[in-house]
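Okay, structure first, notes after.
For this chain, numbers begin at 1 and follow the sequence in order.
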Amino acid sequence: MHATTAQDVRTALVDERPRRPARSRGNAIGGWVLTIVLNVVAPILTYKALRDQGWSEFTALLASGAWPMLDSVVHVAWRRRLDEFAVVTLVFLVITAVVSLVGPHSARALLFKDSAVTGLFGLLCLATLQARRPLMFYFGRKFTTDGTAASTAWWNGLWRLAGFRTTIRTMTAVWGVAYCVEAVVRIALTYALSTDTMVVLSPVLIYGTLGALAVWTAVYGKRARRKGEARAAAAAAADRS
């Protein structure tokens with residue numbers, strides 16, 4: 001019975017994983033280009049164009065924030081369903097809009113509030129460590145599975161493995177701490193640098209942090225999976241002996 005359980009663990013990690021749907025390299029590159037354009041390039045160009053037209057720093061910065069919202073709406077419409085990841089994204093867009101409209105109306109205050117929102121995301125990650133499943137479980141499901149029922153069921157089933165739960169909680173903690181630190185750094189830079197400089201630097205910091213975390217998550221996830229497979233293989237070998 002014990003040998004069967006060990007084999008089942010290995011099978012859950014390797015053999016029963018649904019294959020991802022075929023995706024062309026062009027489509028993958030196109031998705032990343034769209035994200036970068038709508039979240040980095042378009043906001044910067046919009047801000048500069050509106051400033052040249054005589055708009056105030058605050059109104060130009062607020063208007064340029066419509067592009068990231070459009071990016072989220074496009075992705076939700078593309079997948080035609082609202083999952084936990086999309087809900088979190090839309091909630092933070094609403095929070096950002098509300099926070100932007102209250103309090104002092106200046107470009108510097110808006111940049112400060114934008115930094116506070118990413119800090120709030122970091123705190124949310126840390127808070128969900130006390131929940132039944134932390135936030136990175138849902139983020140991982142979005143980017144690791146193909147969205148089909150079989151793939152989603154496979155991902156949900158992995159939660160029964162202690163090693164998988166530890167990996168997800170570690171990822172959530174690292175993302176939470178990283179975004180809290182990023183928010184503090186960006187707030188400090190907002191006070192130290194000019195608004196025009198921060199309009200360019202702010203999205204670079206946001207998505208630079210995101211990129212670094214994505215790379216770390218991929219490397220850490222692969223390493224954790226290899227360790228899990230090694231433990232399962234060792235357990236199966238011990239049971240056969």
Side-chain angles (χ1 to χ4, degrees), residues 32 35-36 39-40 43 65 68-69 71-72 75 83-100 103 108-145 155-156 158-193 197-228 231:
W32 279 107
T35 296
I36 293 173
N39 288 275
V40 180
M69 181 175 292
D71 179 52
S72 296
H75 279 84
D83 58 13
E84 294 87 349
F85 181 89
V87 170
V88 171
T89 300
L90 292 176
V91 165
F92 269 91
L93 286 172
V94 172
I95 291 175
T96 302
V98 172
V99 169
S100 300
R108 192 174 298 276
L110 189 58
L111 286 168
F112 173 84
K113 294 171 184 177
D114 188 44
S115 303
V117 169
T118 59
L120 181 59
F121 173 77
L123 292 176
L124 177 62
C125 286
L126 297 177
T128 60
L129 290 172
Q130 304 300 320
R132 181 170 175 266
R133 293 177 179 177
L135 191 59
M136 284 302 113
F137 173 84
Y138 301 105
F139 277 53
R141 188 172 66 188
K142 177 179 178 64
F143 292 108
T144 303
T145 71
W155 180 263
N156 292 342
L158 290 178
W159 187 251
R160 65 186 175 83
L161 304 176
F164 179 79
R165 295 195 298 270
T166 298
T167 298
I168 293 297
R169 289 192 173 110
T170 299
M171 288 179 177
T172 303
V174 170
W175 277 67
V177 171
Y179 267 107
C180 286
V181 172
E182 182 270 346
V184 171
V185 170
R186 199 146 52 95
I187 288 171
L189 291 176
T190 298
Y191 282 111
L193 302 177
T197 299
M198 281 305 300
V199 166
V200 175
L201 185 58
S202 185
V204 171
L205 289 173
I206 293 173
Y207 292 101
T209 301
L210 177 60
L213 285 170
V215 171
W216 173 85
T217 299
V219 172
Y220 176 74
K222 289 180 180 178
R223 185 180 302 170
R225 179 176 177 176
R226 286 196 298 268
K227 289 181 178 179
R231 287 195 299 268

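Proximity of F139 to T172: side-chain heavy atoms (C-beta onward) are nowhere separated by under 4.5 Å.
Side-chain atoms of T128 come within 3.5 Å of backbone N or O of C125 as a donor-acceptor pair. The main-chain N or O of G163 is found under 3.5 Å from a side-chain atom of T167 such that the two form a donor-acceptor pair.
A distance of 11.0 Å separates CD1 of I168 from OH of Y138, quoted to the nearest 0.5 Å. Distance check, rounded to the nearest 0.5 Å: CG of L123 to OG1 of T118 gives 10.0 Å.
Here the two rings, on W155 and F164, have centers that are under 6.0 Å apart.
Considering only residues two or more places apart in sequence or on other chains, L210 meets the side-chain contact (heavy atoms from CB on, under 4.5 Å) condition with W175, Y179, Y207. Every side-chain contact (heavy atoms from CB on, under 4.5 Å) that R169 has, sequence neighbours left out, goes to L129, P134, W159, R165. Remark: I187 pairs with F112, S115, Y191 by the side-chain contact (heavy atoms from CB on, under 4.5 Å) rule, at least two apart or across chains.
Each of I206, L189, T190 was compared with L201 under the side chain to side chain contact (heavy atoms under 4.5 Å, CB included) criterion, and only L189 meets it.
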- prompt: Yes or no on side-chain contact (heavy atoms from CB on, under 4.5 Å) for M171 and W216, after CA distance, side-chain angles and deciding distance?
  reply: CA-CA 9 Å; M171 288 179 177; W216 173 85; 4.1 Å; yes

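Taking every heavy atom of both residues into account, T197 and L193 meet most closely at CG2-CD1, 4.1 Å. Shortest non-hydrogen contact noted between A173 and L126 is O-CD2, 3.8 Å. Contact between C180 and G122 at its shortest, heavy atoms only, is SG-C, 3.8 Å. Taking both residues in full, the closest heavy atoms of Y220 and T166 are given as OH-O, 4.5 Å, listed atom of the first, atom of the second, then distance.
Residues in residues 203-224 take part in no salt bridge (Lys or Arg N to Asp or Glu O under 4.0 Å) pair, two or more places apart or across chains. Here salt bridge (Lys or Arg N to Asp or Glu O under 4.0 Å) pairs that include residues 182-193, with residues two or more places apart or in two chains, are D114-R186, E182-R186. Here salt bridge (Lys or Arg N to Asp or Glu O under 4.0 Å) pairs that include residues 118-140, with residues two or more places apart or in two chains, number zero.
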